[in-house]
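Below you'll find the structure, written out as C-alpha cells, and then a few comments.
The chain is numbered in sequence order, starting from 1. Start at 1 and go down the list; that is how both ligands and their atoms are numbered. Reckoned from all heavy atoms, side chains included, excluding hydrogens, waters and symmetry mates. Quick caveat: nothing in here was measured; it's all calculated off a predicted structure.
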Amino acid sequence: MKTVRWALHAALSSMLLLSPLLASHAQAAEATAQAAAHPPGVAVASAHGLATDAGLEILRQGGNAFDAAVAVSSVLSVVEPISSGLGGGGFFLLHDAKTGRDHFIDAREIAPAAATPEAYLKPDGSFDRDRAENGPWSAGIPGLPAGLVHLATRHGRLPLTVSLEPAIRIAREGFPVYARLANGYQSRRDVMERYKGTRAVFLADGDAPEEGEILKQPDLARTLELLAERGFDGFYRGPVAKKLLAGVKAEGGRWTAGELAGYRIREREPLRFEYDGWEIVTSPPPSSGGIALAQMLQMLEPWDLAKLPQAERVHLTVEAMRRAYRDRTFFLGDPDFVKIPVRQLMSRDYAAGQRSTIHPRKATPSDLLSGEQTPMEDEDTTHFSIIDAEGNRVAGTQTVNLLFGSGMVVPGTGVLLNNEMDDFALKPGTPNAFGVMGYAANAPKPGKRMLSSMTPTFMVSKDRVAVLGTPGGSRIITMVLLGILGYADGLDAQAVAALPRFHHQWMPDAIGIERDALPDDVVAALRAMGHTVNSPREAPAGRRSSDAWGNLQTVEWDRRGNVLRGGSDPRNPVGKAAVEAVPAP
Ligand code: GLY
C-alpha cells in the first residue's frame with residue numbers, strides 16, 4: 001500500500017510513544033491478526049475534558065454512543081460558548097452497529113424569511129459586514145437543540161433527562177474559564193457588550209471572564225432543563241421560544257414563532273467513496289466537505305506521494321485543494337433548494353479530468369479561473385468523536401460560526417445566537433469571513449440551510465475504523481483531508497491529531513501554513529514552482545493569521561489487536577481523548 005510521510009512524522013511518532021492513551025505497537029503486533037467483532041471498551045475525544053468525561057459518565061450508565069453524543073455535545077455547548085451551543089447548529093454522522101447503517105443528522109441552522117440578500121446591504125448598496133457577522137441578523141434559526149432531541153429519541157436508549165444532566169449541572173455549578181475562552185472574549189468583547197443578555201452572562205461579576213474563574217450560566221441550565229423535560233417543544237415552543245422571539249425583536253431582528261416551531265432536522269444519506277483501501281463515509285451537502293474530500297482524494301490517489309520530495313507532495317495536494325474549492329464556490333448549497341451535480345463532482349472520471357490539468361511542478365494560478373484575494377478570519381466550531389463497546393460510533397461537528405457567534409445572548413435563556421448567516425453568499429462573489437465566496441447555489445432563501453465546511457467523517461478499512469473531524473472554518477476540509485492521508489499512511493489517532501497543517505482554498509491564491517509546518521527549503525521550493533506561501537513567521541506584525549489551526553479530535557478502533565485509541569489535538573490544552581474498558585450493556 002502506498003504511504004505518505006508528512007513533515008514531522010518521525011518526530012511526532014517518537015513523541016507519541018509517551019502517551020498513556022495509546023496501546024504500544026508491540027501490544028498491537030502481539031495481538032491476534034484476526035479482526036475483532038466488537039471494540040474492547042469505549043473511546044471519546046472532544047475539545048474539553050468536561051465534555052469527554054460527560055460522555056464516559058453516560059456510557060458507564062448504560063448509554064450507547066448516541067446518548068454519549070448528546071452528553072458531549074450539550075456539555076460542549078456549555079463550556080465552549082466560543083465554539084458552539086444551543087443557539088447554533090451541527091452535523092452528526094452515526095454508525096449503528098446493529099443495523100450496519102450509517103446516518104447523517106443535519107441540524108444546520110436555517111435562514112429566517114426576513115433575511116433576504118437586500119437586508120445585508122447598506123443604503124449605498126455596499127455589503128453590511130456588521131449585520132452579517134454580529135447581532136440578530138447574523139443568526140439563523142438554531143438547529144442544535146432539535147439535533148439533540150433527534151439523537152436521543154431515534155438513536156439513543158436513555159432519556160434526555162439523563163443524557164443532558166451533566167450539561168445542566170455544569171451550567172448551574174459553573175466551570176473554570178480557560179485561556180482560549182478568556183482571550184476569545186477579549187477579541188469579541190466590543191460586539192458582545194452591545195447586548196444586554198450577553199453582559200448578564202459574561203459580566204455577571206462586573207468583569208470580563210478571566211482564566212481560572214468559575215463561569216456559571218443559570219439561565220442556560222434552565223433552558224437545558226426545559227429541553228430535557230419537554231424535548232423539541234421545550235426550546236422551539238413555549239417560554240424559551242417566546243424569549244428568543246422577544247430578545248431578537250428587542251435588538252432589531254425579525255424571527256417568527258412559525259420559523260422556530262417549524263424547524264426540522266434532516267436525516268440525509270452520507271456520502272461514501274473508496275480511497276487507498278479505505279471506505280470514506282462522510283458529510284453530504286449542505287456540508288461542502290464530503291464532496292471536496294472525494295474530489296481531492298480521487299485526484300491524488302494515483303500518485304505515490306511517499307516517493308516524492310515533500311515540496312512536490314505538498315504542491316500536488318495543494319493543486320487538488322485549489323480545484324475542489326473552486327467547485328465548492330460555484331456548485332454547492334442546500335440540496336433541498338438547489339440541484340447539486342453530486343454524481344459528476346464525485347466521479348472518478350471527473351477527478352481524472354481535473355488531475356490532468358495539474359502540472360507536476362508548477363502552480364496553476366487561481367486567477368486563471370478568476371476571483372479576488374481576500375483575508376481570512378479566525379475560526380471557531382468544535383468536534384467530538386465516539387466509539388462504544390457495541391461498535392456504534394459518532395462524529396459530531398457543531399458550531400455557532402465565528403468566535404462567540406453573533407455575540408448576542410438572548411436575555412433570560414443563556415442561549416448565545418450563532419452568526420451562521422455569514423456562511424451564505426449574502427452578496428454574490430463577496431467573500432465571507434473565511435474568504436470563501438459563493439453564488440446562486442448558496443444564496444439565502446427562507447428556510448434554506450447555509451453551506452458549511454463541517455466534515456465529520458468515518459474511515460473504514462478491513463482492519464481499522466477511524467472517526468475524525470475538526471473546527472477551522474473553510475480549513476476544516478483540508479485538515480480532515482490531511483488527517484485521512486495520515487491514517488492511510490498508518491499513523492495512529494494521536495499522531496493524526498498532531499499533524500502539521502497547510503491549506504489552499506482557490507481564493508485567496510495562496511498556501512497558508514501553520515507556524516513551522518513546512519521547513520524553509522520546502523517553502524522555497526514551493527515558491528519556485530509559482531506558489532505564494534503565507535507563513536505566519538514572515539507576516540508583518542498585526543497581519544498574522546493564527547499560528548496554529550484547528551482542534552482535531554479523533555478515535556480509532558484497530559481491529560487487528562482489538563485496540564482503541566484516542567487523539568486529542570495538542571494545540572488545545574483543555575481537550576481530552578480517553579479510552580475506557582466500559583463493557584457493552
Ligand atoms: N460555520 C462554519 C461552517 O459551518 O463551515
Below 4.0 Å, non-hydrogen atoms only: which portion of Arg108 touches ligand 1? Side chain, backbone, both or neither. side chain

Flag for Arg323-Thr364: side-chain donor and acceptor within less than 3.5 Å: yes

Would you list the pairs meeting salt bridge (Lys or Arg N to Asp or Glu O under 4.0 Å) in which at least one residue belongs to residues 430-446, sequence neighbours left out? none

If you scan protein heavy atoms around atom 5 (O) of ligand 1, the nearest is Ser453 N, 2.7 Å

Quick one: are the ring centres of His48 and Tyr178 less than 6.0 Å apart? yes

Of the listed options Val400, Thr397, Asp423, closest to atom 2 (C) of ligand 1 (non-hydrogen atoms): Asp423

Could you tell me the residue and atom name of the protein heavy atom closest to atom 1 (N) of ligand 1, and the distance to it rounded to 0.1 Å? Glu420 OE2, 2.5 Å

State whether the side chain of Asp380 and the backbone N or O of Leu403 hold a donor-acceptor pair below 3.5 Å, judged by distance alone. no

Proximal ligand 1 atoms for Asn401, defined as those under 4.0 Å from one of its heavy atoms: 1 (N), 2 (C)

Is there any salt bridge (Lys or Arg N to Asp or Glu O under 4.0 Å) pair reaching into residues 69-81, and which pairs are they, with sequence neighbours excluded? Glu80-Arg180

Just by distance, do the side chain of Ser288 and the backbone of Ser452 share a donor-acceptor pair under 3.5 Å? yes

Evaluate Thr381 for polar contact with ligand 1, using N/O atom pairs at a separation under 3.5 Å. no

Protein heavy-atom partner closest to atom 4 (O) of ligand 1 - residue, atom, separation in Å: Ser452 OG, 2.6 Å

